[in-house]
Novice: 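Dumping the structure here so I can ask a few things about it.
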Amino acid sequence: MTKMEWALLLGLSVLWGGSFFFVEIALDELPPLSLVWIRVSLAAIVLWGYILLTGQKLPKKFSIWLAFGTMGLLNNILPFSLIAWGQQDISAGLASILNATTPLFTVLVAGLFLSDEKLTGLKFAGTVVGFSGILLLIGLDVLEGLGGNIGAQLVTLCAAISYAFAGVYGRRFKRMQVKPVTVAAGQLAMSALILLPVMLIVDGGDSIVNHSMKVWLAMGGLAIFSTALAYFVYFRLLESVGASNLLLVTFLIPVSAITLGIVFLGESLKASNIAGMLLIGLGMSIIDGRLWTKSKVETHPLQ
């Protein structure tokens, strides 16, 4: 990964780091499916507006739109809904830890389905080290509720698995020669279309109106920054660095959240925070592999 790609990965972690905060606010008034539908619909409008203003051509092949629908299911509908459902009963901190298992699942899924991203000892070790850093960074006290609300925790873990499959499935758009921003807009539009009847049946049409300004501001931030802009960056990186490297962003999200808290909320930096960040950095360097291959560490695929 180049310096620019690492910078984009860090930026993506900041954009997605805010999503847990926005969801926490919006859930005060919105049911999960309505929240997700508003999120993907607003984000789709933003991205399609950009595409039309820049004069880009829309894809016409049915196979491409079918792929958009599958990507929308794996990357938006399932994980967004499952995380929102889970956050009704567990804290944002615990949800972010469970979400940080995504690279562990991605390394396994990519190793099974992608010939150029075989599972190696370094990749597996790096994900374990990075996840250990997440636990230390957030603080082990957040795990006190790990034994309770097991259903909410399991659905949040299922969201991480869905993200892993989405990262692997999304590699096909490069072969289809579809631009990253078009992929982002297409999968969001299909997500909104697929989810609309389900949302209306489960929540009813009244669930998306008559909310406070606080909730609409949170949804605006969630849709514009944590979804539209984030996916613009996401698909650009997926095309250039691959699924396993891209999903490292879930390790960085808690780092971004704590850094934002220190800068804007005056929160203090604990020794455990520093140790956690160092472990995350170590895990990412192991998965990146360059420093370790130079040291002649084994990187052959696991049998």
Side-chain angles (χ1 to χ4, degrees), residues 12-13 15-44 68-106 108-109 131 134 138 142-143 145-170 187-188 190-203 207-208 218-219 222-223 226-227 230-231 234 243 246-247 249-251 253-254 257:
L12 183 58
S13 76
L15 293 171
W16 271 347
S19 67
F20 291 96
F21 170 73
F22 291 134
V23 167
E24 196 90 358
I25 295 173
L27 281 173
D28 287 341
E29 299 179 22
L30 282 167
L33 288 180
S34 297
L35 184 155
V36 174
W37 184 79
I38 294 172
R39 176 182 184 177
V40 296
S41 298
L42 290 178
F68 285 163
T70 304
M71 190 65 181
L73 181 67
L74 293 172
N75 211 38
N76 298 322
I77 296 174
L78 286 176
F80 288 178
S81 301
L82 292 171
I83 289 173
W85 182 15
Q87 275 194 250
Q88 292 180 112
D89 297 311
I90 61 176
S91 68
L94 181 53
S96 68
I97 288 178
L98 295 170
N99 185 61
T101 61
T102 299
L104 291 170
F105 293 118
T106 303
L108 296 174
V109 174
F131 185 62
I134 290 288
I138 297 292
V142 79
L143 296 177
L146 194 58
N149 299 315
I150 189 66
Q153 295 165 46
L154 287 176
V155 297
T156 308
L157 277 176
C158 287
I161 296 171
S162 187
Y163 277 135
F165 277 98
V168 171
Y169 184 85
Q187 53 116 27
L188 284 166
M190 290 300 292
S191 297
L193 186 62
I194 293 169
L195 191 58
L196 178 59
V198 181
M199 183 272 294
L200 290 175
I201 292 170
V202 176
D203 296 340
S207 64
I208 59 174
M219 289 306 304
L222 184 64
S226 296
T227 309
Y231 272 144
Y234 171 90
L246 174 56
L247 271 300
V249 70
T250 54
F251 282 163
I253 287 171

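What's counted below: heavy atoms across the whole structure, side chains too, no hydrogens, waters or symmetry copies.
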Novice: Is the shortest heavy-atom distance from the side chain of W16 to the side chain of Y231 under 4.5 Å?
Specialist: yes
Novice: Hey, could you give me the CD/CG distance between Q88 and D28, rounded to the nearest 0.5 Å?
Specialist: 11.0 Å
Novice: Between F80 and N75, which heavy-atom pair has the shortest distance, and what is it?
Specialist: CE2-O, 3.9 Å
Novice: When rounded to the nearest 0.5 angstrom, what is the spacing between OG1 in T156 and CG in D89?
Specialist: 9.5 Å
Novice: Can you tell me which residue among V202, L200, L73, V36 is in a side-chain contact (heavy atoms from CB on, under 4.5 Å) with L195?
Specialist: V36
Novice: When you compare the side chain of Y163 with that of T106, does any pair of heavy atoms fall below 4.5 Å?
Specialist: no
Novice: Enter the distance from L108:CG to I161:CD1 here, rounded to the nearest 0.5 Å.
Specialist: 10.0 Å
Novice: Taking T102 for the side chain and N99 for the main chain, is one N or O donor matched with an acceptor at less than 3.5 Å?
Specialist: yes
Novice: M219 and A26: which non-hydrogen atoms are nearest, and at how many Å?
Specialist: SD-CB, 3.7 Å
Novice: Can any side-chain N or O of S162 pair as donor or acceptor with the backbone N or O of C158 at less than 3.5 Å?
Specialist: no
Novice: Which pair of non-hydrogen atoms, one from I194 and one from G69, has the smallest distance, and what is that distance?
Specialist: CD1-O, 4.0 Å
Novice: Which pair of non-hydrogen atoms, one from L222 and one from L35, has the smallest distance, and what is that distance?
Specialist: CD2-CD2, 3.9 Å
Novice: Is there side-chain contact between P31 and S207, with at least one heavy-atom pair below 4.5 Å?
Specialist: yes
Novice: So do V198 and D203 actually touch side chain to side chain, heavy atoms under 4.5 Å?
Specialist: no
Novice: Testing the basics here: between W37 and A192, what is the closest heavy-atom pair and its distance to 0.1 Å?
Specialist: NE1-O, 3.1 Å
Novice: If I compare all heavy atoms of L15 with all of S226, which pair ends up nearest, and what's the gap?
Specialist: O-OG, 2.7 Å
Novice: With a 4.5 Å limit on heavy-atom distance, are the side chains of M199 and I208 in contact?
Specialist: yes
Novice: How far does OG of S19 sit from CD1 of I83, to the nearest 0.5 angstrom?
Specialist: 7.0 Å
